[in-house]
Structures are given as C-alpha cells and as structure tokens.
Amino acid sequence: MTKLNRVAPPASNMDVEALKEEAGRAACSYVEHGMNVGLGTGSTVKYTILELGRRVSEEGLEIIGVPTSVATELLAKEVGIPLASLDDLDGLDIVIDGTDEFDPQFQLIKGGGAALLREKIVAQSSARMVVVADQRKQVDTLGAFPLPIEITPFSHLTTVRALEQALDCKVTLRTKGEDTLVTDNGNFIVDAHTGPTINDPAKRETEVLNIAGVVQVGLFINMCDVVVLASDEGVVILEKA
Ligand code: 5RP
C-alpha cells in the first residue's frame, strides 16, 4: 500500500496559485537593504522576485541578486533587480528558493524545475536559506516527488542503469515535449521514482553522488534554515530548531 505522507489535502489549482503568491511575497521580509541575495527558480519564488523588483523600483531597495537559472535571470532583469555573478561576490547573505518537498528536519528535494545544480551552488554560498512553499510540499518522508538527478549526456543510459541498480527503483529521463530536456548547464535530468522512502537523505545523497555520470542530485541536506509555508490557514514561518 502506498504511504500517504502529505500533511494537508491538495488544494485546487486556483488555491495553489494564491498560496504560492502568499508564500513568495511573505519571504521578502527577510531581505534587507545592502544584501546579496540568491534568487531561486520556480513558480513560487517567481512571486518573491516580482515583489523584490517592486521594492527596488518603488522603494529604492538596494540589493544585488544572483540568479539560479537563465529563466530567473531573465525575470530579474525584467523587473530591474541588479545582478552579479557569484564569482564576483564574497558570498551571499541569503538565498530564497522554492522546493518540491521538505521533511521535518528541513531536508529538501529540489530540481522539479531542472535548476538544481545552480540552486545548490548558490545555496551552498549563502549564509541563510529561506524556502518558499505551499502546504503540498510538506512531507514526513522525502521521495513521493521523484528525485531529480542531473547527469552527463555522455553514456547517460549507462548512468540511468547504474542509478536503477543503486536505488532499486525506476529512473526516467526527463523530456521537454518530444525532446530530451537539456539543463542550463548542457546536461540531462533523470527522475528516480523511489516513493516516500528516503529516510536517510544524507546517505542517499552520497550513494547517488558516488555514480560517475552524476553531476548533482536534488537533495539539499542541512541547507534550509526557514520555510515560509502558505496553507489554507495562512502563512506560517517554520524555523529550524
Ligand atoms: C527548480 C526547483 C523549484 O524551486 C521547485 O521545483 C519548486 O518549484 P515550484 O515553486 O514551481 O513548485 O527546485 O529546480
């Protein structure tokens, strides 16, 4: 029997969009004048970026953003957030990003938007990670959302087979329309259908990274400090103990 580990029932599509907007906008309260800010990728953090852009143009907020994907770079430019490369900065004060799942220890599955590699590099360089999420993302055990893994195009089927053997589950190559999806880094994404069984995410991360064709895995271990969670009851701030 499949274990249902969602803590709240799924909302309708319209409700979900409203929750994403609430969470995305609420997270802006963590951003202060003069900060270097990592800008995540996805449909929730999009609202954070829109609100930060508004504060830059209407309130004179001075920040420097580092985008985690080409899509986020384009959006940030469109709304007037000054951008820099991570290499040109001495670290980031904060990154705000979305997630596909978070567990009670604030371990994350990310990469649903195929940006996990840049997201992880940026998160690793940030003093604080704030995650924006709606209630559907909160789980007891990670893995109902298929685990995204970025792999090299070279011998990718061999890597898929090695992953299937190591994880003992089906691993599928992600596509975009008729074609194989290619990341901003020129790699492929595969999704491991483990089910909600990832009880030891740090161990799982190591197991996946041990396979040579793997570039990075969408497990974010001990990176998230705060979750700004929008639910039917409103926005709650969950802070790591
Ligand atoms: C992209 C990500 C996203 O942050 C994650 O997929 C959540 O996206 P959304 O807010 O659209 O549900 O990890 O690689």
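Both counts, for ligands and for their atoms, begin at 1 and track the order of listing.
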- Query: Taking NZ, NE, NH1 and NH2 as the nitrogens, is one of them in Glu51 or Arg55 under 4.0 Å from a carboxylate oxygen of the other?
  - Reply: no
- Task: Please identify which atoms of ligand 1 are closer than 4.0 Å to at least one heavy atom of Gly111.
- Result: 2 (C), 13 (O), 14 (O)
- Quick one: which of Gly42, Gly98, Ser43 has a heavy atom closest to atom 11 (O) of ligand 1? Ser43
- Closest candidate by heavy atom, reference atom 1 (C) of ligand 1, pool Glu119, Lys20, Lys110: Glu119
- Task: Assess whether atom NZ of Lys240 is packed by more than 12 heavy atoms of other residues, nucleotides or ligands within 6.0 Å.
- Result: yes
- Using 4.0 Å as the upper bound for N to carboxylate O, is an ion pair formed by Glu150 and Lys120? no
- Query: Going by the order shown, which atoms of ligand 1 are within less than 4.0 Å of some heavy atom of Asp97?
  - Reply: 4 (O)
- Message: Please classify the Ser69 to ligand 1 contact at 4.0 Å (heavy-atom distances, strictly less than): side chain, backbone, both or neither.
- Response: neither
- Message: Please determine whether any non-hydrogen atom of Lys137 lies less than 4.0 Å from an atom of ligand 1.
- Response: yes
- Thr159: side-chain hydrogen bond (donor to acceptor under 3.5 Å, both in side chains) partners, not counting sequence neighbours: none
- Task: Going by the side chain to side chain contact (heavy atoms under 4.5 Å, CB included) test, name the single residue among Leu86, Leu89, Asn36 that passes it with Ser125.
- Result: Leu86
- What atoms in ligand 1 come closer than 4.0 Å to a heavy atom of Gly112? 6 (O), 13 (O), 14 (O)
- Query: Which option, Asp100, Thr44, Asp134, owns the non-hydrogen atom nearest atom 5 (C) of ligand 1?
  - Reply: Asp100
- Item | Pair Glu207 + Arg204: basic N to acidic O under 4.0 Å | yes
- Query: Are Arg174 and Asp191 ion-paired here, with the side-chain N under 4.0 Å from a carboxylate O?
  - Reply: yes
- Per-atom contacts of ligand 1 with Ala115, taking only distances under 4.0 Å to non-hydrogen atoms: 14 (O)
- Taking only non-hydrogen atoms of Gly113 and a 4.0 Å limit, the atoms of ligand 1 in range are 1 (C), 2 (C), 6 (O), 14 (O)
- Message: I need the nearest protein heavy-atom contact for atom 7 (C) of ligand 1: residue, atom name and distance, please.
- Response: Thr99 O, 3.4 Å
- May I ask you to check if ligand 1 and Val45 share an N or O to N or O distance below 3.5 Å? no
- Message: Tell me whether Glu21 is salt-bridged to Lys46, with the criterion being a basic N under 4.0 Å from an acidic carboxylate O.
- Response: no
- Is there a donor-acceptor contact under 3.5 Å linking the side chains of Lys137 and Thr99? no
- Subset of ligand 1 atoms that lie under 4.0 Å from at least one heavy atom of Ala114: 14 (O)
- Quick one: look up the protein heavy atom nearest atom 3 (C) of ligand 1 and list residue, atom name and how far away it is. Thr41 O, 3.2 Å
